[in-house]
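Here is the structure we will look at.
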Amino acid sequence: MAFANVNLSRRQRRALSFYDDSIANTARLSYPPVSVSDLLNFSSNVEHNQLQTGILLYKILPVRLATRIIDIHDLPYICGINPFMQFIHNDYVNVFMQMKAIKHIKTQADLSKFNTLMIEGLKQGNSALPQLARASKELAPHLAPEVLNRFINRFITCRIGRRLLAEQHLAIIQQHLHPQPHSHLIGVIDHDVNIRAVIKATYKRAFLISRDVNGLSPHMDLNIEQTTALPYVVRHIQYILLEIFKNAIRATAERAIRDSTRFLDEDDIPQVQVTVHGGPSETTIIVSDKGGGISQDHQDRVFDFAFSTAQGLDAASLLEQPQGVGDYANRPMAGEGFGLPMARAYARFFGGDISFQTMQDHGTDVYIKLRHVDLKGTQNILPV
Ligand code: ADP
Ligand code: K
Ligand code: MG
């Protein structure tokens with residue numbers, strides 16, 4: 001690979017080529033597929049099985065990291081030398097090297113070392129999303145949208161998978177050490193998500209971001225028709241909702257500001273309607289706004305990574321250190337063009353989807369379909 005190994009000493013270059021080989025060889029290995037039932041099984045007989053789970057992750061994660069690193073190498077040269085892409089690349093190589101430095105997992109001490117590495121990796125990975133958003137903005141002019149979408153989609157879907165595996169493994173150990181009575185959680189999977197609470201808290205977050213940026217926000221009108229429990233990873237729902245709410249709020253607020261000739265009161269702006277229909281295996285959340293809709297020529301592009309109609313997002317706010325947990329952190333109001341496609345990648349991870357209907361000069365309905373995490377643990381293979 002020709003990966004910016006300019007200005008390196010001979011020793012550094014030798015080290016680099018050693019890892020190049022190691023990465024390429026590892027990427028060629030096959031690894032066992034992971035299913036939802038595997039995720040749930042992490043929680044059985046933890047005392048004994050945590051070592052087995054550790055060994056499984058020790059097999060899977062380096063292969064997946066190596067495959068993504070090779071994906072970066074396979075991009076056109078101009079993309080590989082982009083500083084944001086390089087930052088992500090170097091991060092991946094670092095974590096890969098650290099994992100490889102653990103020779104095997106045989107004892108509890110090996111496992112502890114590996115777990116610490118995963119905790120560090122998760123923390124470090126928090127900043128990867130803004131970097132990736134920035135990278136995709138800068139790569140967009142050089143790549144066909146299909147190529148960029150395919151690359152980023154695979155990158156983030158695998159990232160969601162890797163993080164979920166690590167988080168599940170670590171959370172189960174925590175829950176084993178500090179059991180919480182009446183907990184709804186199996187690792188990071190909540191078998192009965194309190195969707196009302198999640199929607200309210202997430203809406204408030206989007207509402208406040210918009211107040212900051214636009215000076216005002218529409219209120220929400222929430223209507224829940226739900227008869228069954230919703231088993232899901234709460235953090236995933238939070239991420240999806242935050243992005244969809246920000247879009248609806250932005251469209252509504254900007255339209256209100258555009259159309260008004262007098263001082264605006266938040267109570268006068270059309271509310272964002274949120275409706276939840278819970279079915280036996282799927283929950284649909286419909287987010288309806290009266291923000292004027294999406295124009296005909298943009299409708300095919302809104303799910304493209306880096307496509308945005310928001311202007312003037314400065315580099316500093318794109319790279320702001322996230323302050324929330326994981327991907328659900330301080331994300332900018334709009335401008336990255338990452339919201340819709342990333343939210344859809346999250347929804348599709350467990351077999352759901354995101355789609356929309358838009359009415360010109362009126363508004364947009366976004367349908368978020370969440371396929372329930374199958375607690376009976378059928379062998380649904382996860383895209384990790
Ligand atoms: P960003 O919000 O950073 O622009 P997104 O991927 O979330 O990126 O959205 C892409 C574009 O889709 C937005 O810039 C906007 O033009 C359009 N869009 C998304 N949701 C709505 C909506 N509810 N009403 C009007 N336009 C929308
Ligand atoms: K977009
Ligand atoms: Mg958005």
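This is a predicted model, so every value here is computed, not measured. Counting starts at 1 for both ligands and their atoms, in listed order.
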* Measure the acute angle between the ring planes of Y232 and H236, then classify it against the limits of 30° and 60° as parallel, tilted or perpendicular. => perpendicular
Between [X] and [Y], is the gap from one ring center to the other below 6.0 Å?
X    : Y    : result
F96  : Y92  : no
H219 : F207 : yes
F338 : F305 : yes

* Structure fact -> Honestly, for T358 the part within reach of ligand 1 (heavy atoms, under 4.0 Å) is neither
* Give the contacting part of S308 toward ligand 1: side chain, backbone, both or neither, where contact means a heavy-atom distance below 4.0 Å. => both
Contact check, [X] vs ligand 1, heavy-atom distance below 4.0 Å:
X    : answer
R250 : yes
E336 : yes
G293 : yes

* Between the main-chain N or O of N41 and the side-chain N or O of S44, is there a donor-acceptor pair closer than 3.5 Å? -> yes
* Asked: Under 3.4 Å from the K ion (ligand 2), is there an N/O/S atom belonging to G337?
  -> yes
* Is there an N/O/S atom in A306 at a distance below 3.4 Å from the K ion (ligand 2)? -> no
* Please confirm if an N, O or S atom belonging to M333, backbone or side chain, lies less than 2.8 Å from the Mg ion (ligand 3). => no
* Any N or O of M333 closer than 3.5 Å to N or O of ligand 1 -> no
* With the side chain counted from C-beta on, respond yes when Q50 and Q108 share a heavy-atom pair under 4.5 Å apart, and no when they do not. => yes
Distance filter under 4.0 Å to [X] heavy atoms, resulting ligand 1 atoms:
X    : answer
D289 : 22 (C), 23 (N)
A334 : 2 (O), 3 (O)
A251 : 24 (N), 25 (C)

* **Nearest candidate to atom 3 (O) of ligand 1, where distance is taken over non-hydrogen atoms, out of G335, G339, A310, P341** => G335
* May I ask which of T252, L340, T364 has a heavy atom nearer to atom 6 (O) of ligand 1 than the others do? => L340
* Check H277, E225, K369 against T284 for a side chain to side chain donor-acceptor pair (under 3.5 Å) and give me the one that passes. => K369
* Looking at F303, does the NZ or CZ of R344 lie under 6.0 angstrom from its six-membered ring centre and within 45 degrees of the ring axis? -> yes
* Asked: So which of the N, O or S atoms of D304 lies nearest the K ion (ligand 2)?
  -> O
